Chemist: 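Pasting a structure below so you can have a look.
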Protein chains: 2
Amino acid sequence: MPDQTIDPELISDVLSLQRVAMQLSLASRRRLAIEIEGFGLTVPQFIALRALSNAPEGLTMSELADASQQLSATMTGIIDRLVERNIVQRQRNPDDRRSLRISLSESGKHLIQQIEDQQIKRMTRVFRLLSAFERKEMLRLLTLYLETTLAELPESQPVHP
Amino acid sequence: MPDQTIDPELISDVLSLQRVAMQLSLASRRRLAIEIEGFGLTVPQFIALRALSNAPEGLTMSELADASQQLSATMTGIIDRLVERNIVQRQRNPDDRRSLRISLSESGKHLIQQIEDQQIKRMTRVFRLLSAFERKEMLRLLTLYLETTLAELPESQPVHP
DNA sequence: TATTGTTATACTCTATAACTATA
DNA sequence: TATAGTTATAGAGTATAACAATA
């Protein structure tokens with residue numbers, strides 16, 4: 001049986017952390033949306049491209065849907081629009097003709113690289129304000145929080161752990 | 001002119017932080033969507049309700065749109081659906097009959113309270129794993145990151161700073 | 001029969017532009 | 001004329017269910 005003692009300091013910290021974490025989550029998504037809009041992408045499209053860029057050999061629609069936390073019916077539309085713009089390719093799998101192999105095109109690879117370069121540049125501006133120790137501490141705490149968050153999602157199988 | 005020295009440790013930390021922060025931002029939004037779906041709400045609806053719950057006297061459509069980082073044309077539809085379900089109220093402002101006063105109904109207040117209770121309970125389970133010092137450190141670092149993120153958004157005027 | 005992926009349908013959100021009512 | 005808010009329209013994502021092709 002876990003310790004149910006009421007710790008007023010814990011309660012007060014959690015209230016603050018809840019508020020900041022919620023605002024940060026919403027603001028980050030918003031900033032991401034603005035950042036990638038400059039490249040003509042939506043957030044779900046970018047999530048799919050990120051998953052594909054971690055899988056050089058490509059992914060099936062089901063793998064992509066799992067990795068993006070989307071239904072495969074939704075994935076179809078997202079990939080349709082990326083194929084139209086020649087950002088990804090759709091190929092039949094000769095071994096199992098039911099399944100498809102989705103992969104980044106050359107211009108898709110270039111696009112995602114550009115976006116990630118821009119993101120790294122921005123993050124570097126922020127994190128050079130912190131000491132090496134603080135950066136490690138932040139990484140450790142964020143990773144812990146990420147793990148508990150992922151544990152609460154169904155089927156969250158990152159393609160690259 | 002800022003220090004442009006290449007610090008390999010900084011670069012490596014930023015790569016890790018960028019990856020974790022991105023995943024966390026996406027996973028948090030996803031978890032929020034699942035959590036509030038149980039209450040029949042969408043994320044944009046929840047964002048609007050949160051802004052309203054911090055403004056007991058209500059907000060105009062423009063204030064609500066600013067606080068939610070939405071266009072007022074978008075806000076109209078979001079509020080339409082919340083009014084239909086009697087979660088918020090729309091009242092003409094007698095002083096300036098062009099503007100509206102949007103506020104939570106009693107059942108809306110109850111709904112947002114239920115959701116926030118559930119979120120606090122979940123966050124408490126996570127953060128009781130950390131020491132008081134670690135919680136404070138996390139709050140400090142997240143706040144710093146939130147501030148730089150908000151600074152990059154246009155017109156991000158939180159109703160409650 | 002089971003699996004992979006798509007199509008059909010309905011709803012929500014987002015963005016732009018045109019519009020109404022009020023100031 | 002300017003401001004507050006809505007409507008019209010188009011496109012994108014989300015969820016459910018029914019479906020085709022392949023295994």
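Chain letters run A, B, ... following the sequence lines, proteins first and then strands; every chain starts at 1. If you're wondering where the values come from, they're calculated on a predicted model, not measured in any experiment.
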Chemist: When you check the phosphate oxygens OP1 and OP2 of dT6(D), does a side-chain N or O of Arg90(B) lie under 4.0 Å from one of them?
Modeler: yes
Chemist: Is Glu84(B) paired with Arg81(B) through a side-chain N to carboxylate O contact shorter than 4.0 Å?
Modeler: no
Chemist: What does the B/S/- profile of nucleotides 13-23 of chain C look like, 5' to 3', with a 4.0 Å heavy-atom cutoff to protein?
Modeler: SBBBB---BBS
Chemist: Can you tell if the side chain of Val88(A) reaches within under 4.5 Å of the side chain of Leu52(A), non-hydrogen atoms only?
Modeler: yes
Chemist: Just the rounded figure in Å: distance from P of dG5(C) to CD1 of Ile79(A).
Modeler: 11 Å
Chemist: Rounded to the Å, how far apart are Glu63(A) CD and dG5(C) C1'?
Modeler: 13 Å
Chemist: Between the side chains of Gln89(A) and Ser105(A), does any donor sit under 3.5 Å from an acceptor?
Modeler: no
Chemist: Between Lys121(A), Gln114(A), Gln119(A), Gln113(A), which is the residue that forms a side-chain hydrogen bond (donor to acceptor under 3.5 Å, both in side chains) with Asp117(A)?
Modeler: Gln113(A)
Chemist: So, do Arg30(B) and Thr149(A) sit near enough that their side-chain heavy atoms are less than 4.5 Å apart?
Modeler: no
Chemist: Take the protein atom CE of Met61(A) and the nucleotide atom P of dA21(D), then report the distance between them rounded to whole Å.
Modeler: 18 Å
Chemist: Give every donor-acceptor pair under 3.5 Å between a side-chain atom in residues 43-51 of chain A and any protein atom, sequence neighbours left out.
Modeler:
{"residue": "Gln45(A)", "atom": "OE1", "partner": "Thr42(A)", "partner atom": "N", "Å": "3.1"}

Chemist: Could you tell me whether the phosphate oxygens of dT6(D), OP1 or OP2, come under 4.0 Å of any side-chain nitrogen or oxygen in Thr76(B)?
Modeler: yes
Chemist: Rounded to whole Å, how long is the line connecting atom CG of Leu100(A) with atom P of dA20(D)?
Modeler: 18 Å
Chemist: How sharply is the helix from dT1(C)-dA23(D) to dA23(C)-dT1(D) bent, taking the axes over five pairs at either end and rounding to 10 degrees?
Modeler: 20°
Chemist: Do you know which two heavy atoms are closest between Ser68(B) and Met75(B), and how far apart they sit?
Modeler: OG-CE, 4.0 Å
Chemist: I need the CD1-C1' distance between Ile36(A) and dA12(D), as an integer number of Å.
Modeler: 13 Å
Chemist: Whole Å only: how far is the CG atom of Asp66(A) from the P atom of dG5(C)?
Modeler: 10 Å
Chemist: Expressed as a whole number of angstroms, how long is the span from Asp80(A):CG to dG5(C):P?
Modeler: 14 Å
Chemist: Identify the two heavy atoms, one from Asp95(B) and one from Asn93(B), that lie closest to each other, and give their separation to 0.1 Å.
Modeler: N-OD1, 2.9 Å
Chemist: Got a donor-acceptor contact below 3.5 angstrom from the Arg101(A) side chain to the Gln91(A) backbone?
Modeler: no
Chemist: Find the distance Met75(A):CE to dT7(C):C1' and express it as a whole number of Å.
Modeler: 17 Å
